[in-house]
K.L.:
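One structure, as structure tokens, below. Some questions next.
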Amino acid sequence: GTEMGIERIRINSIKNVPTVFGETDVVKIILTLPGVKSVGEASNGFNVRGGATDQNLVLFNGGTVYNPSHLFGMFSGFNPDVVSDIELYKSSIPVEYGGRISSVLDVRSREGNSKEVTGSLGVGLLTARGHVEGPISKKTSFIVGARATYSDWLLSLLPEGSDYNNGTASFHDITAGITHRFNDKNALYLNGYYSNDGFKFSLDTSYRYSNASASLRWKSNLHEKHSMELAAGYDMYDYATFDKYNPLSAYEMSFSIKQAFAKLKFKSLVSSRHTLTYGVDALNYDLAPGNYLPYGDASLVTPDIIPNENGVEGAAYLSDSWSISDKLFLDYGLRYSVFKSDKFYGGPEIRLSGRYMISPSFSVKAGWNSMRQYIHMLSNSTAISPTDIWKLSDKDIKPQEGWQAAGGFYASLWNNKVDASLEGYYKKMNNYLDHNSGAVIIMYKDIAQDVIVTEGEAYGVELMLKKPVGQLNGWVSYTWSKTRLRETEDRGTNTVNGGNWYDAAYDKPHDIKLVANYKITHRVSISANADYSSGRPITVPVAKYDYAGGERLFYSERNSYRIPDYFRLDAALNVEPTHKLKAFTHFSFTIGVYNVTGRKNVYSVYFDTDANGNIQGHKLCIFGAPIPYVNLNFKF
């Protein structure tokens, strides 16, 4: 194909990759690919080719998932037992996708078994999961999966007297789908998803957040040369913080985003050399930016409600896949998107990519695409957190815009046993919102005054070798990249870094990743996962001085220092189920160790002052020791 920067992964090919606590994790697998990074262990979200976490469109059966993680980022929000395949678009984003300027992660669930009832059950140290699927009638099948955690026992092992020792943390999610095939040409798909997380680390404050999505899709082969897909659905994300310690000051603070969408896509083979893709889509946003309300009848808290935000996003698109010759292939298209809140925005988005086959096993590709994004995530942290807010573009905040140029070489080596690729890219971003120094974004009515507007650029080179089959299979990659930002407004002495470029908080120039699986026998295999990356940037105090009768801190330029480099090695032994076809149940298990070397990788650095007024720095790590795990799996 002509696409670049696309990774397609079947869930069966990644079930043996070691992850923390052993459960197959869709998002953690994405992080093993070149050009995909995170700010650290147990962090929600991911960064693709220099893009921020909110610049990724995460779809599950066509619906948007705003926070695709559980348990502080230790687990992804997707049940691996019901997931079918995963597609990540880092560049050459197809014309039917829009709304984000960095990447698209498209996750699809499986259809239910149409012949017999089957299922599975998995048990790990912190989670349990299961699913069941089967026929409802000759033309209808179903699939249902659920997960839950019992992690409080782990928190109870923490030192006595700490807030965390008394903490609780839980999550659950449910995924369901029904497929009805009217005939060979028409099928209807109904999918639903719900997840909920709740936790607290002290007696006074607790948190919860949830995602929900429902969609109905009709796929029809109108003709042997024409197909159609019509979809409609509803998505929701919300969170709430509760402080119940003092009944007189108890409060509940909440945020929510709800959206309804409709999509219509056609594909037509107009000739042997041209295939058209065209359609329209619409999205209606309803945001509740912040509600601060009394909790309980005794609370004297004064209610504070920020007015809702509403917006409508629409788009029409057309692309043509043109096979010019046996060696030269082009894919080009135009997407025109519009957005209306209290101000109207709109503009074209161009998609262009091409491939030239130098030989049957060697090709060259190049492409250019532009994107628009009408929604922003505002956060004081470098990763997605349950208290981040989303903000629609309006008269004060412009949409994000970006474009990316990329090119690469692709080869099949050693009798097509190994796929090799070398890609380079340059990305430009405009109107990205970074936080102002000391910004407070929670329950802030004039958010435009507490953020800064930046432009950004990202560029890099990605090298990947992949061996998908054989006794030894897996992939290894190296990425060199750079991401930097600068404020576009001149605010005098308040301008960040004096208006000069500074490294983005998620900039990690060097990145080496290895995923390997070796089959000892048909049933037994060993797996390894290695990850090395440069430390991410931080801002630190570099001096102190007296001013107005008090001691003040003088900080370095933004993100001019770095935490130590990151390295982690994981290993696992996998025993697959018996190959006896008539067995009623199939049992398998995995024994592994996360962070085999016990390296204390630094997640962040923070500073405080001791009793003598001396400033002390502290390094925080998430998993500072080897984490053994065992996972038991049953299929019936």
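This is a predicted model, so every value here is computed, not measured. Along the sequence shown, the residues carry numbers beginning at 1.
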K.L.:
Measure across N601 and D565 and return the closest heavy-atom pair with its distance rounded to 0.1 Å.
P.N.:
OD1-O, 4.0 Å
K.L.:
Check whether the side chains of D511 and S533 place a donor and an acceptor atom closer than 3.5 Å, and report yes or no.
P.N.:
no
K.L.:
Below 6.0 angstrom between ring centroids: does that apply to Y532 and F567?
P.N.:
no
K.L.:
Hey, are R49 and E423 close enough for a salt bridge, meaning a charged N less than 4.0 Å from a carboxylate O?
P.N.:
yes
K.L.:
Inspect the contact between E462 and K90 and indicate whether a charged nitrogen and a carboxylate oxygen are less than 4.0 angstrom apart.
P.N.:
yes
K.L.:
For the backbone of P509 and the side chain of K482, can you confirm whether one donor and one acceptor N or O come within less than 3.5 Å of each other?
P.N.:
no
K.L.:
Please indicate whether K619 has more than 12 foreign heavy atoms, meaning atoms of other residues, nucleotides or ligands, lying under 6.0 Å from its NZ.
P.N.:
no
K.L.:
Roughly how far apart are E349 CD and N369 CG, rounded to 0.5 Å?
P.N.:
9.5 Å
K.L.:
Kindly indicate, with the supporting measurements, whether the criterion side-chain contact (heavy atoms from CB on, under 4.5 Å) is fulfilled by Y603 and Y566.
P.N.:
CA-CA 9 Å; Y603 179 83; Y566 179 95; over 6 Å; no
K.L.:
Closest approach of N497 and W501, non-hydrogen atoms and distance?
P.N.:
ND2-O, 4.0 Å
K.L.:
Looking at K398, I want to see if its NZ is surrounded by more than 12 non-hydrogen atoms of other residues, nucleotides or ligands under 6.0 Å.
P.N.:
no
K.L.:
Which value, rounded to the nearest 0.5 Å, describes the distance between D342 atom CG and D396 atom CG?
P.N.:
7.5 Å
K.L.:
Using a strict cut-off of less than 4.0 Å between a Lys/Arg side-chain nitrogen and an Asp/Glu carboxylate oxygen, indicate whether E457 and R486 qualify as a salt bridge.
P.N.:
no
K.L.:
Can a side-chain donor-acceptor contact be found between Q400 and Q55 if the only test is distance below 3.5 angstrom?
P.N.:
yes
K.L.:
Just by modelled atom types, is the Y295 backbone N or O under 3.5 Å from a matching donor or acceptor in the K244 side chain?
P.N.:
no
K.L.:
Determine yes or no for a side-chain-to-main-chain donor-acceptor pair under 3.5 angstrom, with S91 supplying the side chain and M4 the backbone.
P.N.:
yes
K.L.:
Keeping T149 on the side-chain end and L126 on the backbone end, is there a donor-acceptor pair under 3.5 Å?
P.N.:
yes
K.L.:
Keeping D610 on the side-chain end and N612 on the backbone end, is there a donor-acceptor pair under 3.5 Å?
P.N.:
yes
K.L.:
Between F171 and H70, does the ring centroid distance fall short of 6.0 Å?
P.N.:
yes
K.L.:
Just verifying a value: how many Å separate T64 OG1 and Y237 OH, rounded to the nearest 0.5 Å?
P.N.:
14.0 Å
K.L.:
How long is the gap from CG on N500 to CZ on R484, to the nearest 0.5 Å?
P.N.:
10.0 Å
K.L.:
Between K508 and T479, does any side-chain donor sit less than 3.5 Å from a side-chain acceptor?
P.N.:
no
K.L.:
Going from CD1 on I512 to OH on Y478, what distance comes out if it is rounded to the nearest 0.5 angstrom?
P.N.:
7.0 Å
K.L.:
Quick one: do I257 and M236 satisfy side-chain contact (heavy atoms from CB on, under 4.5 Å)? Show the steps, please.
P.N.:
CA-CA 6 Å; I257 177 171; M236 182 274 295; over 6 Å; no
K.L.:
So, Y502 versus D434: side-chain donor-acceptor pair below 3.5 Å or not?
P.N.:
yes
K.L.:
Using ring pair (Phe, Tyr, Trp, His ring centres under 6.0 Å), reason through Y459 and Y425 one step at a time and then give a plain yes or no.
P.N.:
CA-CA 5 Å; Y459 45 89; Y425 67 90; 8.1 Å; no
K.L.:
Which residues pass the salt bridge (Lys or Arg N to Asp or Glu O under 4.0 Å) test with R562, not counting sequence neighbours?
P.N.:
D503, D507
K.L.:
Look at the side chain of N211 and the backbone N and O of N67, then say whether any donor-acceptor pair between them is shorter than 3.5 Å.
P.N.:
yes
K.L.:
Applying ring pair (Phe, Tyr, Trp, His ring centres under 6.0 Å) between Y239 and each of F255, Y209, W390, report the one that passes.
P.N.:
F255
K.L.:
Is a salt bridge present between R372 and E401, judged by a nitrogen-to-oxygen distance below 4.0 Å?
P.N.:
yes
K.L.:
Do T241 and D243 have side-chain atoms, one donor and one acceptor, less than 3.5 Å apart?
P.N.:
no
K.L.:
May I ask you to decide if R491's main-chain N or O and E489's side chain share a donor-acceptor pair within less than 3.5 Å?
P.N.:
no
K.L.:
Looking at D54 and R100, does any basic side-chain N land under 4.0 Å from a carboxylate oxygen?
P.N.:
no
K.L.:
Would Y292 and Y251 count as a close aromatic pair, with their ring centres under 6.0 Å?
P.N.:
yes
K.L.:
Is it true that the NZ or CZ of K340 lies under 6.0 Å from the centre of F344's six-membered ring and within 45 degrees of the ring axis?
P.N.:
no
K.L.:
I'd like to know whether CZ of F409 has more than 12 heavy-atom contacts from other residues, nucleotides or ligands below 6.0 angstrom.
P.N.:
no
K.L.:
Please give me the minimum heavy-atom distance between G45 and S38, naming the atom from each residue.
P.N.:
O-CB, 4.2 Å
K.L.:
Please examine the side chains of L57 and L105, heavy atoms only from C-beta on, and report whether any two atoms are closer than 4.5 Å.
P.N.:
no
K.L.:
Does either side chain, that of E313 or that of Y285, offer a donor lying less than 3.5 Å from an acceptor on the other one?
P.N.:
yes
K.L.:
Here's one to test your reading of the geometry: is the NZ or CZ of R552 within 45 degrees of the ring axis of Y545 and under 6.0 Å from its centre?
P.N.:
no
K.L.:
Could you walk me through whether W475 and E7 pass the side-chain contact (heavy atoms from CB on, under 4.5 Å) check?
P.N.:
CA-CA 12 Å; W475 60 87; E7 303 288 350; over 6 Å; no
K.L.:
Considering only heavy atoms from C-beta outward, does the side chain of N559 approach that of Y506 to under 4.5 Å?
P.N.:
no
K.L.:
In Å, rounded to the nearest 0.5 Å, how long is the span from OG of S69 to CZ of F75?
P.N.:
11.5 Å
K.L.:
With distance as the sole criterion, is a donor-acceptor pair present between the side chains of Y89 and E87 under 3.5 Å?
P.N.:
yes
K.L.:
Between N56 and F46 (side chain of the first, backbone of the second, donor and acceptor by atom type, cut-off under 3.5 Å), is there such a pair?
P.N.:
yes
K.L.:
Do the ring centers of W368 and Y426 come within less than 6.0 Å of each other?
P.N.:
no
K.L.:
Would you say S206's side chain and F199's backbone share a donor-acceptor pair under 3.5 angstrom?
P.N.:
no
K.L.:
Step by step, work out the salt bridge (Lys or Arg N to Asp or Glu O under 4.0 Å) result for K258 and D238.
P.N.:
CA-CA 8 Å; K258 303 172 184 177; D238 67 1; over 6 Å; no
K.L.:
Can you name the closest pair of heavy atoms from Y345 and K395 and give their distance?
P.N.:
OH-CA, 4.2 Å
K.L.:
Is the backbone of R208 close enough, under 3.5 Å, to the side chain of D197 for a donor and an acceptor to pair up by distance?
P.N.:
no
K.L.:
My understanding is that only residues two or more places apart in sequence, or in another chain, count here; which of them pass side-chain contact (heavy atoms from CB on, under 4.5 Å) with S341?
P.N.:
F339, D394
K.L.:
What are the two closest non-hydrogen atoms of A530 and L569, and how far apart are they?
P.N.:
CB-CD1, 4.1 Å
K.L.:
Go through the steps for L287 and L392 under the test side-chain contact (heavy atoms from CB on, under 4.5 Å), then give the verdict.
P.N.:
CA-CA 8 Å; L287 272 73; L392 295 178; 3.8 Å; yes
